[in-house]
Structures are given as structure tokens and as C-alpha cells.
Amino acid sequence: MTLHLVERSGAARSGGNAAGQAGQAGQVGGSRVALAVPARRTLLEALRYDLDLVGTKQGCDKGDCGACTVLLDGVPVLACLTLALEADGRAVQTVETLAGAPHLDPLLDCFDRLGGGQCGFCTPGMLMSATALLDRNQRPSREEIKRALSGNLCRCTGYTKIIEAVDLAARIKRGEADEEAGVDLPGADCAPPPLPSNASRARKERTEKEQAS
């Protein structure tokens, strides 16, 4: 879902309304939304607390960790240091835009396969930085991947698995998955089987006991 924030008639540039707010209208996943934000509200706050797009994480709040990274017109930006009004009329892409099951985005699939996400707090920002990289460069080198992710801090994985995940996702996007290594294209076949419920497990155990007797 791509978010477009479009400022409504001149409230911000004329000094705002009595409450010091600027009016915005936008589109989220094809639905029109109207949003009024204080002139000082950050893009991070507008996404998380006004639009409930909580995939974008609030980390250091000073531009150090990269957990709040989103794409603004395809370019990674730190949402905690970007005013919501700076997104006026521009495309804002959050981690919620990446395709989920059953046809997973290759980045999501590869982060899961290779253990690129541990606690998961930094992962949305990593995914957005990687998305921007693969959108502009279909064949990045390891050094280019490292540079693209250099503004995203991770305290859990040590980066090796993250870099490997982005590299594998790039190969999958190019249709160069290594079949010998058992890497198939992401999709329904990659989804794990559903966990059995307690009721189905109990039925199975009763059936097995009846068959054994």
C-alpha cells in the first residue's frame, strides 16, 4: 500500500489553523484518507499514531538507528527526522507495502529463511533500505549492499545474515535462484504448514490410540 499525503487548501503555508494544525488528505492502499497534523508532527508520528501503520518503528528518535526508515518518492529517509508536511504530494512507502503470504516479497522470504531478523525491531528499516537498493540496482555487490544498509543499526544478528538475505533476494528477483541449494521462488509453497490446534492434536492422539488397541 503506497501512501500519498496531499496538503489541503493552504492551512500549513498560511500559518495553520487555531490549533496550529495543517490539513492533509491522502491515499492509503487505494482508500482516500484525510489527516490533520500539527505543523511539528514528524512523518514517523503521523504514520504510527495517526494512520496506525505501526510497521515503521520508533527507535532512537534522533536519526541514529534507522529503524524508522521509509521511502519518500523511492528514496530512503528517516521518518523521525522528516516532518509529515515534507511528504506533501509525495509517495511514502512503508514496510506494509511489501507483499505478504501466500506470495511473499523475496526480501521478506529471505530474511525469514536466513535468520536476517532476530528481535525484529530494526527489520522494517532494513527492509525498506534494501527495497530502495534493489529497485535501483538489480545486481548489487556485497559492498553495495553494505553501503545501502550502513544507516540501519542491528544489535542482534551482526549483519552477516542480513547481507546474505538481501543478496539472495536480489538473485531471486533476477530469476537466478540456486536450485542446487534448494532455493525456490517465494510463494505459497514456501509457507510453513499451519500449526495444529489443541483440538486436532487431541483427535489425532485418540485415533492413534484406537488404532493401536
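Fair warning: this is a prediction, and the values are worked out from it, not measured in the lab.
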Between Phe111 and Leu127, is there a side-chain heavy-atom distance shorter than 4.5 Å? yes
Summary of salt bridge (charged side-chain N to carboxylate O under 4.0 Å, His left out) pairs that have at least one residue in residues 120-140, sequence neighbours excluded: Arg139-Glu176
Check side-chain contact (heavy atoms from CB on, under 4.5 Å) between Leu71 and all other residues, then give those that pass, not counting sequence neighbours. Pro76, Gln93, Met128, Thr131, Ala132
Closest approach of Ala148 and Leu133, non-hydrogen atoms and distance? CB-CD2, 3.8 Å
With salt bridge (charged side-chain N to carboxylate O under 4.0 Å, His left out) as the rule and sequence neighbours excluded, what pairs involving residues 149-161 come up? Lys161-Glu164
For Pro140 against Ala170, the heavy-atom pair lying closest together: CD-CB, 4.0 Å
The criterion is side-chain contact (heavy atoms from CB on, under 4.5 Å); which residues satisfy it with Gln118, sequence neighbours excluded? Cys156, Thr157
Just to verify, what does Lys57 make a side-chain contact (heavy atoms from CB on, under 4.5 Å) with, not counting sequence neighbours? Arg48, Ala67, Phe121, Pro124
Do side-chain atoms of Asn152 reach the backbone of Gly125 as a donor and acceptor pair under 3.5 angstrom? yes
Kindly work out whether a path of hydrophobic side-chain contacts (I/L/V/M/F/W/Y, heavy atoms less than 4.5 Å apart) joins Val77 to Leu83. no
Go through the structure and list residues passing side chain to side chain donor-acceptor pair (under 3.5 Å) with Thr42, not counting sequence neighbours. Glu45
Asp50: which residues meet the salt bridge (charged side-chain N to carboxylate O under 4.0 Å, His left out) condition with it, sequence neighbours left out? Arg41
Which atom names give the shortest non-hydrogen contact between Thr56 and Val95, and what distance separates them? N-CG1, 4.4 Å
Out of curiosity, Leu134 CG to Lys173 NZ, how far, rounded to the nearest 0.5 Å? 6.0 Å
Any residue meeting side chain to side chain donor-acceptor pair (under 3.5 Å) with Asp64, in chain and number order, not counting sequence neighbours: none
Sequence neighbours left out, what passes side chain to side chain donor-acceptor pair (under 3.5 Å) with Thr82? Give chain and number order. none
Around Glu144, counting heavy atoms of other residues, nucleotides and ligands shown, do more than 12 lie under 6.0 Å from its CD? yes
Once salt bridge (charged side-chain N to carboxylate O under 4.0 Å, His left out) is applied, do any residues pair with Arg142, and if so which ones, sequence neighbours excluded? Asp167
To which residues is Leu81 joined in a hydrophobic cluster, defined by side-chain heavy-atom contacts under 4.5 Å among Ile, Leu, Val, Met, Phe, Trp and Tyr, whether direct or through other members? Leu78
Which heavy atom of Cys80 sits nearest a heavy atom of Cys68, and at what distance? N-SG, 3.3 Å
Using side-chain heavy atoms (C-beta onward) and a distance below 4.5 Å, is Cys122 in contact with Leu153? no
Nearest heavy atoms of Ile162 and Gly116, plus distance in Å: CG1-O, 3.2 Å
Can you tell me how far apart CG (Asn137) and CD1 (Ile145) are? Round to the nearest 0.5 Å. 8.5 Å
Between CG on residue Leu43 and CG on residue Leu53, distance to nearest 0.5 Å: 10.0 Å
Atom SG in Cys110, atom CG in Asp105: separation rounded to 0.5 Å? 9.0 Å
Can you check whether Leu108 reaches Asp112 side chain to side chain, under 4.5 Å on heavy atoms? no
Gln58 and Leu44, any side-chain heavy atoms less than 4.5 Å apart: yes
Taking Ser129 for its side chain and Met126 for its backbone only, find out whether a donor-acceptor pair lies under 3.5 Å. no
Could you list the residues that satisfy salt bridge (charged side-chain N to carboxylate O under 4.0 Å, His left out) with Glu143, not counting sequence neighbours? Lys146
